[in-house]
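These notes are about the structure you will find just below.
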Amino acid sequence: MVLSTWLGDLNNVHSLAIMTDQCDSIKAAINALMPNTVHRYCIWHIFIKLPIISGVLDSKIAKAEFKALVLDSINVAEFERRWTDYIEKYNLDGRDWFYKLYLEKEKWVLVYLNDHFWVGMLSTQRSESHAFFDGFITRQSTLKLFIQQYELAIRTKLEKELEAEYRSRCFEPKCLSEFA
């Protein structure tokens with residue numbers, strides 16, 4: 001899954017930022033074709049892989065602690081300290097998955113990505129329902145169809161907001177208390 005802040009390559013203008021899963025072939029393509037694009041990993045894909053590490057992260061507490069160290073660290077020094085403590089606590093020093101993940105921390109740990117504007121996004125939102133686009137696109141929709149339907153979805157949302165605002169101004173509020 002890829003999420004980019006620029007849809008397309010118009011006159012050799014590449015995306016300013018792109019978010020993907022940890023696919024090595026996508027990473028290589030981005031490095032080769034868009035070397036100035038900030039590449040970030042989707043945090044959802046990282047979190048979803050945690051249970052795969054058998055015997056280590058079976059505990060809900062360990063998973064919650066991992067998410068907290070990634071999402072709640074205030075600065076780099078705090079993240080580094082908390083990462084070291086976590087690895088020691090759960091005896092993960094020899095685990096290849098954690099070692100490789102740590103080597104690429106600049107692509108997925110929030111405190112390393114603070115210098116880039118991500119519109120508050122943490123993931124490609126693959127795991128979330130796309131209620132905003134319900135009725136406009138499906139999982140099988142092409143990128144071309146998405147672009148065409150995007151404007152229609154925005155227009156429909158704006159019309160609903162304007163209609164709700166109109167309704168809220170046209171009706172007198174009902175008294176919620178007999179003492180008002």
Ring centres under 6.0 angstrom apart (Tyr102, Phe98): no

Gap separating the CG atom of Asn36 from the CD1 atom of Ile30, nearest 0.5 angstrom: 13.0 Å

Audit row: Tyr41, Glu104, side chain to side chain donor-acceptor pair (under 3.5 Å) steps and yes/no: CA-CA 9 Å; Tyr41 292 150; Glu104 295 189 307; 2.9 Å; yes

All side chain to side chain donor-acceptor pair (under 3.5 Å) counterparts of Tyr99, not counting sequence neighbours: none

CG-CD1 distance between Leu92 and Ile87, expressed to the nearest 0.5 angstrom: 4.5 Å

Nearest heavy atoms of Lys27 and Lys107, plus distance in Å: CD-CE, 4.3 Å

Asn75 CG: over 12 foreign heavy atoms closer than 6.0 Å: yes

Nearest heavy atoms of Leu110 and Leu71, plus distance in Å: CD1-CD2, 3.6 Å

Side-chain heavy-atom pair Ile18, Arg40 within 4.5 angstrom cut-off: no

Over all atoms of both residues, closest heavy-atom pair of Tyr90 and Glu65: OH-OE1, 2.9 Å

By ring pair (Phe, Tyr, Trp, His ring centres under 6.0 Å) - contacts of Trp108 (at least two apart): none

Least distance between heavy atoms, Asp21 atom then His39 atom: O-NE2, 4.5 Å

Cation over ring face, Lys67 and Phe47, 6.0 Å, 45°: yes

Contact check, side chains of Leu101 and Ile46, non-hydrogen atoms, under 4.5 Å: yes

Nearest non-hydrogen partners of Ser73 and Phe79, listed with the distance: OG-CA, 3.5 Å

Lys/Arg-Asp/Glu bridge criterion (N-O < 4.0 Å) met for Arg82, Glu78: yes

Lys49 and Gln22 side chains, donor-acceptor separation under 3.5 Å: yes

Minimum side-chain heavy-atom gap Ile43-Val70 below 4.5 Å: yes

Check: Ile61 and Phe66 side chains under 4.5 Å, non-hydrogen atoms: no

Heavy-atom closest pair, residues His45 and Ile48: O-CG2, 3.2 Å

Heavy atoms from other residues, nucleotides or ligands near CD1 of Ile74 exceed 12 (cutoff 6.0 Å): no

